[in-house]
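Remarks on the structure that follows.
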Amino acid sequence: MNAESQGAQSSLQLVDVIDLKWLFANEGVFLHVERLQHDPGYARELIAQAAASPSPQLRAAAARLAGQIEAGDATEA
């Protein structure tokens, strides 16, 4: 993978994280971006919370991030 595609992939993840952050803010939930990116337990907890939300947008954003987390787990194994 070259540096350009790595940068694009990182940007996509950040966009998804920020999307989740603002969708959670609409429900009164504070999301710590750096912690979400570096603490898998925190990330999974938030993904589960979002998956239970009545907001279809929040559930969709959580599903996108869950897929990225799972893909990251598979590449680290």
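Along the sequence shown, the residues carry numbers beginning at 1.
- Summarising the geometry of Leu58 relative to Ala50, their closest heavy-atom pair is CG-CB, 3.8 Å, with the distance given to 0.1 Å.
- Taking CZ of Phe24 as the reference point, atom CG of Asp19 lies at 11.5 Å (rounded to 0.5 Å).
- Gln37 is listed as a side-chain neighbour of Leu14, based on a closest heavy-atom distance under 4.5 Å.
- By the salt bridge (charged side-chain N to carboxylate O under 4.0 Å, His left out) test, Arg35 is found to be paired with Asp39, residues two or more places apart in sequence or in another chain being considered.
- Put simply, the side chain of Tyr42 never gets that close to the backbone of Leu31: no donor and acceptor are under 3.5 Å apart.
- Between the side chains of Glu27 and Ser53, at least one donor N or O lies within less than 3.5 Å of an accepting N or O.
- Once rounded to the nearest 0.5 Å, the distance linking CZ of Arg64 with CD of Gln68 reads 8.5 Å.
- To the nearest 0.5 Å, the span separating CD1 on Ile47 from CG on Leu36 amounts to 6.5 Å.
- What you find for Lys21 and Val33 is that their closest heavy atoms are CD-CG2, 3.7 Å.
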